[in-house]
Trainee: 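Below are the structure tokens for one structure; questions will follow.
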Amino acid sequence: MADTRLKTIGELLARQGILIAFAIFLIGFAVFSDRFMTPENLATVIRQAAIIGVMAVGVTVVVIGGNLDLSVGSMLSFSTVLVVDLHDKIGPELAIVVMLGATLVLGAVNGFLVGVARLNSLIVTLGMLSAIQGLTLIYTGGKNVDILDQETTWFAIFGRGYVAGIATPIVMFLGLALFMHVVMAYTPFGRRVYAVGGNPTAAVFSGIRRSRLVFSTYLISALTTGIAALILGSRVMGSQNNVGQGYELLVLAGVILGGTSLLGGSGNILKTVIGVLILGFIQNGLLLMGYPYYAQWLVTWVVIILAVWLDIAAKRGRLLSPIA
Amino acid sequence: MMAPVPALRLEGIVKTFPGVRALDGVSFEVLPGEVHALLGENGAGKSTLMKTLAGMHQPNEGRIYIEEKQVEMRTPLEAKAKGVVLIHQELSLVEEMSAAENIYLGELPRKSFGRVDWKTLFAKAGEILTRLNCKFGPQTRVGDLSIANKQMVEIARALTVNAKAVIFDEPTASLTDAEKVVLFEIIRDLKARGVGIVYISHRMEEIFTISDRISVLRDGTYRGTLITSDTNEDEVTQLMIGRSLDLSRNEEHVEFGGVALEVRALSCGSLYRDISFHVRSGEVVGFYGLVGAGRTEIAETLFGLRTPSSGTVLLEGKEVRLSSPVDAIANGISLVPESRKEQGLVLGMNCRDNITLPQVDDLTAGPFVSDGAELAIFEQYRDRLEIKTPSWRQAVKNLSGGNQQKIVIGKWLAMRPNVLIVDEPTRGIDVGSKAEIHNLIRELARSGYAVIVISSEMPEVLHVSDRVIAMYSGEIIREFTAAEVNEDNLVQAISGIRAEKVA
Amino acid sequence: MADTSKNAFVTWLTRNPIWGFIVLIFAFFSFSNEYFFDLQNFQNILVQTSTIGLIALGMTLVMINGNIDLSVGAVVALAASLAVDLQSWGVFAAWGNWAILPAVAAALASGIVLGALNGFIVWKTGVDAFIVTLGAMIGVRGLVFIYTREESFFAMNFAYSDFGASSVGPLPTLAVLFLLFTVATHLLLSRTVHGRNTYAVGGNRDAAVNAGIRVGPHMMINFMIVGFFAALAGVTLSSQMGAATPNLGRDYELWVITATVLGGTKLTGGAGNIIGTFGGVLAIGILRNGMNLMQVPAFYVLVILGMILIAVLFLDKQLNRRGKQELKT
Amino acid sequence: AQAETYKIGITQNNVGVDSYQTTYEKAFIAAAEENENVEAVVLDAGGDVARQIAQIQDLIQQNVDAIIIWPTNGKAVVPAVRKAHQAGIPVIVTNSNIAEEGFDFIASFSGPDNITQGARSAELMCEALDGKGQIVQISGQPGYTTAIERAKGFEDRLPEVCPDVELMETQPGDWNREKSQRVMESFLVKYDTIDGVYAGDDNMGVGALNAAKAAGRAGDIAFVGATNFAVGYEAMARGEYYGSIYQSPVDDAEAALKTALDVLEGKDVPDLNYFDTPKITKANMDEFDKPVF
Ligand SMILES: Nc1ncnc2c1ncn2[C@@H]1O[C@H](COP(=O)(O)OP(=O)(O)OP(=O)(O)O)[C@@H](O)[C@H]1O
Ligand SMILES: Nc1ncnc2c1ncn2[C@@H]1O[C@H](COP(=O)(O)OP(=O)(O)OP(=O)(O)O)[C@@H](O)[C@H]1O
Ligand SMILES: [Mg+2]
Ligand SMILES: [Mg+2]
């Protein structure tokens, strides 16, 4: 048997197709806009991508575990509205605690329905998408919520602050991604998530508590959504009832761009970061180039498909799919 | 006498996968009207060779001839059109469709407007199923069929075309003896009509029953061809694995320890009733019976996967509640499940991680999984079970069937259980490894484990067991000691003839 | 004999609980709202569901194939804009009411072409349909805005909206159209070779490939079908409104998928049928209509719809579990 | 004589989307409850034209006495309005008007004039910049009438009142503060000089202000919005926000109901019943109550 420890450069590249795609886009934008590659702009994009990115970290865990979570968009609306509204009523500290608690409860409902009751995750989370949206509206009566004292509240740290000179959202996003990457790649918990996503039956036969595990993946995605809500609420210092509308698909797009399979059992948190950043840089790059919004949409169409295509073409070693 | 033109001939076939040279210049031929057995260890390249023939793989080098005309097999359809049909080792059926549709998949008879001509379809499929002695109709949904019947649907496919050569890749792995008889009749029928047959199996007795010639592969190379009537098992085994095997039955006498596992009056709905037995440490108890006798269900109950309706389970004399595999594992029970693909393996995961999956919690350094500890376990069982894989990183889905099974066994041996339950442990495993696994089972028992072996292969049961329990239709019919048991009384017991129960 | 047919019915109902659910909400709304049980209202329900319904027919095929199409909502907008705008083009000025024909034809063609494009990309690149059509969902919307220059169109010719409001005998034309296509798609899926292959490709792609089914072109055809249906839905919707707006069809993909899955189609492919999808569409339509008539506040409608979706799924699960003999995995 | 009870159906655009619409709905319900002759059927189209049309059908089905519609789209609802008209139900359009083609089928329009609002914002911008500078626009959600009309009013009026103010770029902010904040951040990277920002509403305007403050450039930029929100009002008080257009949802709702009742009672009502939406800046803000949303 040949020794495969000698990895060729080609093989190494094949594993990193998405990185190549990412690099190509960055270079492309840099060529077309001289403002693009400035540190200022790069920081801006990553900061903007942080909200979707933080959520995508959690959703990646759910997807690796073999399920979907489409409820994160309206959950983000809910959590942001809640924390912003409570901020002035009970103070930022309690508001954060209550918001995270409530968000986790929603995650637990998802987790119970999908993990324990074993219902189809797409429909459950679509149902929750609708229900949570309604819940948010009922809570506010449809009104916007605002933080009045924007200048002095320490709550500003999440969206507007800096940690060691780096914007807090960036620190939170990359820090969380790194932490979750370590959890998924190097801990028994991560291993079990991959196993349950890859083959739930075999996982149960291997002594894994499947219900509990799936349940916990939804808690994770709820938690990351709650954290995203902190960033969003603090960044905007206010919230509409529908701020998160449509985020679920953007988040999922980032996850899939990062090469995580919707079938479960495979995926990588750090690549999700790349996927999310690709989306962010497309938006920003096209805006800098001054394209009207519809042209941005067209380019997004092409780029999303190209990025994933490049990634899988590199993996399989040929450009076209072997489908007859 | 002029040598007949081979129905099928392969010349110098080379096939490589990333990191694996699966076939290294193999040549092979099948004459019309002959049954040509293809043997080799797990991972020797048998399935790969046949897939190359059937248009599912493209060889890197080599030529294929049909009736001495060179051909290319670019797709399975092309191969079929040229008269080569492969019956897969792994079932390749669409569960939601009827048996008839599966048989004629890709070639459904049409009427105007692209409509399916159901009448013709069901008539033709019905005819074939009748010829195969099948008890189910062509309209039955395949998802509702037993594994054996699904296999029959696969076989039925081969009979739809005017095949020059039919390849059976381990067709009997999940068939009962009665079904096997039917299959052999079909093969003889095809043979009589001048079809060339390739027959792959790890069961020697079948090879010697059905084949005319035997070719052997080893590590992707061709090792030679023997005339079946002029050779014997030993010679074939020699050629396959380079040594001979002791396939005698178990006659050693061991001192057993105390009762490790006792089951009292266990029942589970309609699946099985009033099951009582015990296993001592150091003892191997074989469960023999037909498919559907309820053995697997008992194993699943003991592993916490089913809730019994009544009865108790005792481990070392203490009653235990086994409500999930977590409980079972905590109580030192391991189960090598019946279906490796559905229950045993996470196919996309690598070899090492599959083996260590049940104990990954214990293989930690701080909060992290310890790479070294995992690798040590993997290497230990890779060497012990002779698992063939280019690296621990290989996804198990890329291993040969037999090697996949070894991964499952390795995974549960690595748990060092007190009670080891193995369900059809050597399905699809080559003779050499089979013997190795049998030895391992005995060795484990000798070192103090209690072992339950569930198997539908009589020689296997006879070979490894200290005691044999015969089951029929959810009940224990009879228990034999190693000394009493023989093929005749075992067959008698499981054919439903109620013999006197021996305590 | 009667007993077995009754049993068959019960089995059918447990396998398609959506129909039981429909009977339930139907009875509920009939008793609790005076306007619900009324022929005119039933016609409204049928017309209102026909949009989502038509798309769901195509989506069922694509999903049985193991794919998905998220771009349908954007295609609805594109087709609607084309259908409404083209009929007012100068070149057709002399055509009178017949100007509607080329406009509708172009609209339908746009759906088929975009479907073909989605299918072709899935086939040739091997990129997951989810991503391909997610991209298209964003990009086609861009096409719509480019074409419409952000404008809404309005059918000058009231014949167009009159068609949308017309009736064939006692039934509204759009409802008839929907029912006809439902039957046609049902026949396509259950009776034709293409339909049967749809199950094969989704149920076991390897088996389909091994059996020589040309999986790529096959999937492409189904994408074209769903594209056609989305475009048709755009046409019928715009004829109901006599107008088209560039934001038409937002969120439709989610509702279509919901209806289809409620009707028993599996996301993983290989299983599903048109009768179930019809039930799923109807269930959502009745719920929306009933809650409108009962004046349930909009916020609560969202909560109730969400909970009911989950409840139906739960019911399905309870009915179809094999009981105690099931393996605890 | 005893006045009869009128059943009036209203289908709103999209209640959850912003506070204006929510406050409008509350005000409408309150006004309807106060008047014992009115039974109101309140529906929300959720921003979806098709659903709004279905709701009109449902209202016709219920045979209401009058329908008030807040069009999700001015053109698309015309045929449905025509249907109601044919069924003999008077239709009153509220907040944003329907297309001209539909004027024959409605009894009256009641609401603000978005084109004028856009024009007034242009005048405010002009004032703020002393007639010279480079500005960007953040518009509402593409394809929606209010967004289109305000942008049009602004873009048409700006060169008339101050030809030296250059509108460099327009990008949509989707009525969303966070989206607007993101767009503004990119603008700030892209343009070294931005003298003014016009946002389609104050919610987006404050988003742009947030971005500029974070970049330390808020002092150089004049912010002009529309539909004065509470946050905009406060920012104005702090001197961070130049001006906006004051539009009260309560006035809007009450005007709509009153117009409907007038129509039902056979009074003469003008075809276009605009209520006034004045400019608001720091200078005159004392004359206005702080918006409740
Ligand atoms: N007869 C049954 N049919 C279907 N599902 C069942 C049945 N019995 C149990 N289940 C489900 O299967 C799950 C068992 O899964 P698993 O073995 O992962 O245990 P678990 O629920 O995670 O355990 P725990 O709650 O103790 O952590 C149960 O939680 C239950 O939801
Ligand atoms: N798709 C694949 N990718 C990588 N390696 C493969 C693939 N298919 C087969 N192999 C490798 O090729 C070798 C031959 O496998 P093959 O399945 O032909 O063995 P076999 O003789 O049929 O074994 P068995 O008796 O266990 O079925 C094995 O080492 C296997 O790991
Ligand atoms: Mg094989
Ligand atoms: Mg069994």
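Quick note on labels: first sequence line is chain A, next is B, and so on, each numbered from 1. Because only heavy atoms are used, hydrogens play no part in the values below, and waters and symmetry mates are left out as well, while side chains stay in.
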Trainee: With a 4.5 Å heavy-atom cut-off, do Trp309(A) and Lys124(C) have their side chains touching?
Mentor: no

Trainee: Non-hydrogen atoms of chain C under 4.5 Å away: do they reach the side chain of Ala313(A), the backbone, both or neither?
Mentor: neither

Trainee: Side chain, backbone, both or neither: which part of Leu267(C) has a heavy atom under 4.5 Å from chain A?
Mentor: side chain

Trainee: Where does Val209(C) contact chain A at under 4.5 Å (heavy atoms): side chain, backbone, both or neither?
Mentor: neither

Trainee: Closest approach of Trp301(A) and Gly135(C), non-hydrogen atoms and distance?
Mentor: CD1-C, 3.1 Å

Trainee: Could you have a look at Val303(A), Val124(A), Leu263(A) and say which one has the most heavy-atom pairs with chain C under 4.5 angstrom?
Mentor: Val124(A)

Trainee: Out of the candidates Ile146(C), Val144(C), Leu143(C), only one should pair with Tyr294(A) under the side chain to side chain contact (heavy atoms under 4.5 Å, CB included) rule; please name it.
Mentor: Ile146(C)

Trainee: So with a 6.0 Å cut-off around OH of Tyr291(A), is the heavy-atom count from everything else above 12?
Mentor: no

Trainee: Please flag which part of Leu119(A) lies under 4.5 Å from any non-hydrogen atom of chain C: side chain, backbone, both or neither.
Mentor: both

Trainee: Just give me the residue among Leu70(C), Val140(C), Leu302(C), Ile121(C) that pairs up with chain A most often, heavy atom to heavy atom, under 4.5 Å.
Mentor: Leu302(C)

Trainee: Return the minimal non-hydrogen interatomic distance between Ser130(A) and Gly306(C), and the atom names on each side.
Mentor: OG-N, 3.9 Å

Trainee: Under a 4.5 Å heavy-atom cut-off, does chain C meet the side chain of Leu252(A), its backbone, both or neither?
Mentor: side chain

Trainee: Just verifying a value: how many Å separate Ile131(C) CD1 and Leu262(A) CG, rounded to the nearest 0.5 Å?
Mentor: 7.5 Å

Trainee: Does atom OH (Tyr147(C)) have a neighbourhood of more than 12 heavy atoms from anything else shown, all under 6.0 Å?
Mentor: yes

Trainee: Give a yes or no on whether Tyr139(A) atom OH has more than 12 heavy-atom contacts from other residues, nucleotides or ligands under 6.0 Å away.
Mentor: yes

Trainee: Quick one: which of Val299(A), Leu135(A), Ile304(A), Asn120(A) has the most heavy-atom pairs under 4.5 Å with chain C, could you say?
Mentor: Asn120(A)

Trainee: Which bit of Phe130(C) is near chain A, if near means a heavy-atom gap under 4.5 Å: side chain, backbone, both or neither?
Mentor: side chain

Trainee: Look at Val303(C), Ile310(C), Ile138(C), Thr125(C) and state which one has the largest set of heavy-atom pairs under 4.5 Å with chain A.
Mentor: Thr125(C)

Trainee: Heavy-atom distances under 4.5 Å only: say whether Leu298(A) touches chain C with side chain, backbone, both or neither.
Mentor: both

Trainee: Picking from Val122(C), Val127(C), Leu309(C), which has the most non-hydrogen pairs under 4.5 angstrom with chain A?
Mentor: Val127(C)

Trainee: So, taking the atom named CG in Leu129(A) and the one named OG1 in Thr258(C), what distance separates them when rounded to the nearest 0.5 Å?
Mentor: 9.0 Å

Trainee: Side chain, backbone, both or neither: which part of Leu113(A) has a heavy atom under 4.5 Å from chain C?
Mentor: side chain

Trainee: Do you know which of Ile308(C), Asp251(C), Leu134(C) has the most heavy-atom pairs with chain A at a distance under 4.5 angstrom?
Mentor: Leu134(C)

